[in-house]
> 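Below you'll find the structure I mean.
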Amino acid sequence: MSTSSQPQFRYTQTPSKVLHLRNLPWECTEEELVELCKPFGKIVNTKCNVGANRNQAFVEFADLNQAISMVSYYASSSEPAQVRGKTVYIQYSNRHEIVNNKSPGDTPGNVLLVTIEGVEANDVTIETIHLVFSAFGFVHKIATFEKAAGFQALIQFTDAETASSARNALDGRSIPRYLLPEHVTSCHLRISYSAHTDLNIKFQSHRSRDYTNPFLPVNPTAMEGLMQPVVGPDGKKQEPQSNVLLASIENMQYAVTVDVLHTVFSAFGTVQKIAIFEKNGGTQALIQYPDVTTAAVAKEALEGHCIYDGGYCKLHLSYSRHTDLNVKAYSDKSRDYTISDPSLLAAQVPGLPAAPNVWQNPQAAPLYPGTDYAASAAMQAQPPPGQVPAWDPNLQARPPYGSVPGTVPSQSYQSSSVPTYVNAATPSGSSPLSQPGVSLMRMPQPGVNVRPGGAPVPGQPPYYGQ
DNA sequence: AGCACA
């Protein structure tokens with residue numbers, strides 16, 4: 001429609017609250033910009049380090065007249081606008097507001113997210129990090145972890161001002177060489193702000209510190225040694241074992257709920273906590289057991305198995321670096337079964353007699369006398385009044401980690417007193433769960449109120465913690 | 001020295 005939209009140059013520029021500044025010194029800071037512009041009015045937004053050379057910037061005034069006054073002043077001034085002795089050229093921007101593209105990491109807060117590039121986690125101790133960042137103020141807490149981005153640390157200061165001074169001074173810089181092992185050639189710090197305001201440090205360890213609480217217990221399993229990588233017989237690095245399993249769920253055609261995971265993983269011992277989250281477009285879950293042994297048994301047993309028939313929701317298990325999950329007690333993505341609020345533990349159905357704790361030692365399970373086994377199966381197959389067990393109690397009753405054909409009395413739990421929910425695809429009498437790739441749960445059915453976790457777990461007295 | 005960002 002309009003006949004022309006030619007670029008607007010100096011003689012035709014219309015005034016704007018937003019000014020475009022160029023020929024700034026390299027990586028001019030926001031503070032320097034504000035110093036230059038604030039005599040003319042209130043600055044409501046800035047954008048620094050713009051352009052390929054990162055030497056341009058935008059400044060938005062609260063009022064158009066303030067921008068006009070700055071442009072007019074320097075248009076007639078004998079002294080040009082300067083930053084660090086460099087002449088700065090100022091024009092009206094061709095836009096009328098700065099679109100705030102500040103990522104969350106640029107929103108100041110008292111906690112910094114520091115990525116230490118080019119190092120292994122073992123190269124930089126938490127003491128070194130503490131030393132470096134303490135130069136700017138009291139460091140309250142540090143938590144370190146390894147992510148895809150590399151070795152990272154969250155560092156909590158008293159306030160955003162202290163955190164900012166540390167960020168401004170250290171972002172892009174390196175930790176002094178004398179604080180690092182000799183083989184480290186470079187270790188640039190990339191620093192942004194975390195959205196956290198208060199880190200939840202549970203233990204003093206080589207990964208995390210709370211300097212405000214010297215009496216915080218030391219976590220023995222998180223200290224040097226146990227959590228270090230173990231070299232296996234093949235010479236490859238083995239994952240250090242953990243009481244927390246990381247489950248990646250492949251081919252997730254059906255929703256996998258906290259309840260479903262609880263049912264599946266409780267077959268091996270008390271599940272203390274569960275957290276489900278998305279990562280790299282897939283679904284993962286952390287499942288916390290009280291001890292490494294239980295986790296190891298569950299890992300061996302469940303690796304490669306599918307939660308549902310037909311290859312759906314295949315589990316891949318590894319050890320997590322976590323030892324104690326910090327999860328919401330009751331949400332759709334997490335559960336803390338160690339919390340003793342009964343209103344949150346309806347799924348545990350207290351009041352049912354605790355069955356003998358036969359599932360704690362899965363190695364022994366196939367050897368159990370048929371009578372005990374049947375009794376146990378029958379007990380857990382009784383649905384609570386008014387409830388329909390939505391998983392297959394027959395499958396649940398069998399140890400999914402390698403039932404040995406012939407040793408499990410398959411007749412006893414097909415008896416008439418036990419309702420059967422055998423999947424049509426599973427021929428009865430076979431031993432489907434001895435092979436990876438077969439289901440651990442009954443298929444979810446559309447339109448049915450599926451409550452896989454709605455009944456007690458075999459042999460698992462509810463764990464209420466202390 | 002000459003207009004950003006997803």
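Labels below follow one simple rule: chain letters A, B, ... track the order of the sequence lines, proteins then strands, and each chain is numbered from 1. The analysis underlying the following values was restricted to heavy atoms, covering all of them including side chains, and did not include hydrogens, waters or symmetry mates.
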> What is the distance, rounded to the nearest whole Å, between atom CD of E27(A) and atom P of dA4(B)?
18 Å

> Y92(A) has an atom OH; how far is it from atom P of dA4(B), in whole Å?
20 Å

> Just so I know, are the side chains of Q288(A) and N243(A) near enough to count as touching, which here means a heavy-atom distance under 4.5 Å?
yes

> For the pair made of NZ in K47(A) and P in dC3(B), what is the distance, rounded to whole Å?
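That distance rounds to 15 Å.
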
> In whole angstrom, what separates N55(A)'s CG from dC3(B)'s P?
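So the two atoms are 11 Å apart, to the nearest Å.
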
> Could you tell me the separation between the NZ atom of K17(A) and the P atom of dC3(B), rounded to a whole number of Å?
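Nearest whole value for this atom pair: 22 Å.
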
> Write down the distance between CG (L19(A)) and P (dA4(B)), rounded to a whole number of angstrom.
16 Å

> Would you mind classifying the nucleic acid contact of E97(A) as base, sugar-phosphate or nothing, using non-hydrogen atoms under 4.0 angstrom?
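Base, at least one base heavy atom under 4.0 Å.
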
> Tell me whether the OP1 or OP2 atom of dG2(B) has a side-chain N or O from Q56(A) closer than 4.0 Å.
yes

> Step by step, work out the side-chain hydrogen bond (donor to acceptor under 3.5 Å, both in side chains) result for H140(A) and D198(A).
CA-CA 9 Å; H140(A) 289 234; D198(A) 190 20; over 6 Å; no

> Measure from the ring centre of F58(A) to the centre of the six-membered ring in the base of dA4(B), then say whether that distance is under 5.5 Å and the planes meet at under 30°.
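Stacking between F58(A) and dA4(B): present.
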
> Given atom CZ of R54(A) and atom C1' of dA4(B), what is their separation to the nearest angstrom?
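Rounding to the nearest Å, CZ of R54(A) and C1' of dA4(B) are 12 Å apart.
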
> Quick check on DNA chain B: between Y89(A) and H96(A), whose nearest nucleotide comes earlier from the 5' end?
Y89(A)

> Would you name the heavy atoms of N49(A) and E27(A) that are closest together and state the gap between them?
OD1-CA, 3.0 Å

> Ignoring hydrogens and geometry beyond distance, is a side-chain donor-acceptor pair present between T128(A) and T125(A) at under 3.5 Å?
yes

> Expressed in angstrom and rounded to an integer, what is the separation of D106(A) atom CG from dC5(B) atom C1'?
12 Å

